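Predicted, not measured: the structure shown is a model, and the values here were computed from it.
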Amino acid sequence: MTIEKEELEYTSKTVRSRALYDEALAVMPGGNSRTTTFFDPYPFYVERGQGAHVWDADGVDRLDFNGNYTSLVLGHAPLEVVKAVQQVAEHGLSFPGPTEHEIRLAEQLTRRIPSLETVRFTNSGTEATMNAVRLARASTGRPKIAKFEGAFHGTHDWVMVSVTPDPKSAGGARRPKPVAASAGVPPAVLKHVVVLPWNDAEACAAILEREGSSLAAVLVDPLLGIGGIIPPADGFLARLRELTERHGILLIFDEVISFRVAMGGAQERFGVRPDLTTLGKIIGGGLPVGAFGGRRDIMDFYDPRRGGARISQGGTFNANPVTMAAGLATLNALTPDAYARLDALGDRLRGGVTRLLEGTRRRGQVSGVGSLFCLHWTSAKLSDYRSSRPKDGDAPTRVFLGLLNEGILLSQRGMGACSLAMGEEDVDRFVNALARVLARG
Ligand SMILES: Cc1ncc(COP(=O)(O)O)c(C=O)c1O
């Protein structure tokens, strides 16, 4: 089926959403407040979510493999989290001062992640990476940072570089050029951000050799999450650790997505200890959140005692008690058994999709780690951002809309996550729905 036909079916099922969207157009640019969630012809409006399902304004039920972009590891409205939120909210929503809840979540995080000696909270992953980058500059006295081509770290200027660049204007694969990912990113940013190729240790070594003395940090999403969940090659993260140490560069793991792959995140799974870590998504239990932390000697730049903070980090809603309680209730549910279940669901899904694609001889494959996965519409060996670009540029949209019409929600580029609200039958439903979508186009 063509995109147009999938759109036609979608619009026929989402009449009330269309009407709401028309109202939204009058008061928001393109009717939108969150670029990521928009898709043509218009997004459906969510009415409620429960467990693994969301229902839209027209009452259509969809099995949710998006999970608010991997945040909802327990599924929608899990009882223990909702109860924790209600209990805390009854006593006030936010205060001009700390509450015990933030200590308890900080304890839980520092226990799970040994490299996280101390931690601070923010309201988003964007603020977390913004602070980590500032901290790296402050503590090293160096001006530049390095990030990987294809990696997304939020929407502040310093990381809006080479997120989804057109390779034609992004330089050679082994020496990528910084490309602004948005209008309004100042040219100064492009002079201060060095772009690295994912999984090419020798090219990274050469770039770090050249730029090392002016680099404050190498910022790494250990799974290249939004770039397609492309796991690090064997030894790649360890090599980055060794190179950054050699050049006096701080290694920052952005675990906003990858934290969900193990009790202690990707750094536990791959056995590499960064200097700083940024967090978000699941640690807020579905509410707005971010956090950053790491080596105590570096984090002490924020120590405000006797007016001594060298970096100020305000934030009206930082560490607000409702988010902290939701996060704690979520992490309490993430036991070793829970991780084993998440891994098994992810493995089953990847196995099913792989068998399906082999059977149809499509140019497609599925990547992932643990409960995270991403569909790719290329048969190239997946190693980095460039190799994951679809051979048929329409395929991700066609599959996304096709799955919506089959009652399955994914992200537009094909990234998804299994949640603890799912069972094997849900994963099998995903594979069967994908089979039907592929069979018609
Ligand atoms: C790795 C990574 N870092 C940072 C962010 C930004 O987080 P937020 O959307 O909470 O600002 C994201 C969001 O998807 C992310 O995937």
Side-chain angles (χ1 to χ4, degrees), residues 46 48-56 60-82 223 225 228-229 231 257-263 265-266 269 281-282 285-286 329-360 362 364-377 382 399-400 402-411 413-440:
V46 181
R48 71 188 177 91
Q50 188 64 60
H53 295 256
V54 285
W55 286 265
D56 74 11
V60 178
D61 171 2
R62 294 190 181 87
L63 190 54
D64 185 4
F65 282 87
N66 178 313
N68 199 9
Y69 291 83
T70 77
S71 307
L72 304 174
V73 66
L74 307 184
H76 291 275
L79 196 60
E80 62 270 50
V81 180
V82 172
L223 299 180
I229 316 279
I257 287 185
S258 65
F259 179 54
R260 70 182 274 154
V261 301
M263 203 81 148
R269 201 149 173 149
K281 300 209 194 268
I282 71 165
T330 301
L331 292 191
N332 283 339
L334 289 174
T335 59
D337 275 0
Y339 285 101
R341 252 183 24 82
L342 286 167
D343 282 5
L345 288 170
D347 287 343
R348 186 177 180 95
L349 185 141
R350 284 185 292 275
V353 172
T354 301
R355 280 190 296 280
L356 166 68
L357 291 170
E358 280 166 4
T360 59
R362 284 248 163 202
Q365 53 192 311
V366 60
S367 66
V369 174
S371 54
L372 297 165
F373 66 93
C374 190
L375 303 177
H376 297 273
W377 302 109
L382 291 178
V399 170
F400 168 73
L403 285 173
L404 277 188
N405 290 332
E406 292 287 339
I408 304 275
L409 177 57
L410 200 60
S411 77
R413 70 148 300 163
M415 186 183 70
C418 301
S419 79
L420 283 170
M422 292 174 180
E424 291 184 345
E425 64 288 357
D426 296 313
V427 164
D428 296 346
R429 210 182 124 189
F430 177 92
V431 178
N432 292 334
L434 183 62
R436 286 192 294 277
V437 171
L438 297 180
R440 60 179 185 255

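Every residue meeting the side-chain contact (heavy atoms from CB on, under 4.5 Å) condition with Ala77, not counting sequence neighbours, appears here in chain and number order: Gln50, Val82. A search for side-chain contact (heavy atoms from CB on, under 4.5 Å) contacts involving Leu410 returns Phe65, Phe373, Leu375, Leu403, Phe430, not counting sequence neighbours. Ser71 is linked by a side chain to side chain donor-acceptor pair (under 3.5 Å) to nothing, counting only residues two or more places apart in sequence or in another chain. With sequence neighbours left out, the side-chain contact (heavy atoms from CB on, under 4.5 Å) criterion links Ala333 to Leu74, Glu80.
Residues Thr330 and Val81 come closest through the heavy atom pair OG1-CG2, 3.5 Å. Nearest heavy-atom pair, Leu372 versus Arg350, reported as atom, atom and distance to 0.1 Å: O-NH1, 2.9 Å. Of all non-hydrogen atoms in His76 and Leu72, the two that sit nearest each other are CE1-CD1, 3.3 Å. Considering every non-hydrogen atom in both Leu223 and Val369, the closest pair reads CD2-CG2, 3.7 Å. Between Leu342 and Val73 the shortest heavy-atom distance is CD1-CG2, 3.8 Å. Residues His376 and Ser367 approach most closely at NE2-OG, 2.9 Å, considering heavy atoms.
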Show me the donor-acceptor pairs, under 3.5 Å and distance only, between side chains in residues 413-425 and residues at least two apart or in other chains.
residue : atom : partner : partner atom : Å
Arg413  : NH1  : Ile226  : O            : 3.0
Ser419  : OG   : Ala421  : N            : 3.2

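Inter-residue side-chain proximity for Thr70 and Phe259 is flagged as unmet; no heavy-atom pair is nearer than 4.5 Å. With contacts defined as side-chain heavy-atom distances shorter than 4.5 Å, the pair Trp377/Leu357 qualifies. Val54 is not listed as a side-chain neighbour of Arg48, based on a closest heavy-atom distance of 4.5 Å or more. At a threshold of 4.5 Å between non-hydrogen side-chain atoms, the residues Tyr339 and Met263 count as touching. At least one side-chain heavy atom of Thr360 sits under 4.5 Å from a side-chain heavy atom of Leu356. Side chains of Leu349 and Asp428 form no contact here, defined as non-hydrogen atoms less than 4.5 Å apart.
Pairs passing the salt bridge (Lys or Arg N to Asp or Glu O under 4.0 Å) check and including a residue from residues 61-76, sequence neighbours excluded, read Asp56-Arg62.
With rounding to the nearest 0.5 Å, the separation of CG in Asp343 from CZ in Arg348 is 15.0 Å. With rounding to the nearest 0.5 Å, the separation of NZ in Lys281 from CD1 in Ile257 is 5.0 Å. Here the CG atom belonging to Asn405 is positioned 11.5 Å from the CZ atom belonging to Arg436, to the nearest 0.5 angstrom.
Looking only at distances, a side-chain donor or acceptor of Arg269 sits under 3.5 Å from a matching main-chain atom of Val261.
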Residues Val437, Ile408; criterion side-chain contact (heavy atoms from CB on, under 4.5 Å); working and verdict | CA-CA 11 Å; Val437 171; Ile408 304 275; over 6 Å; no

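Counted by atom type alone, Arg260 and Ser371 present one or more donor-acceptor pairs between their side chains at under 3.5 Å.
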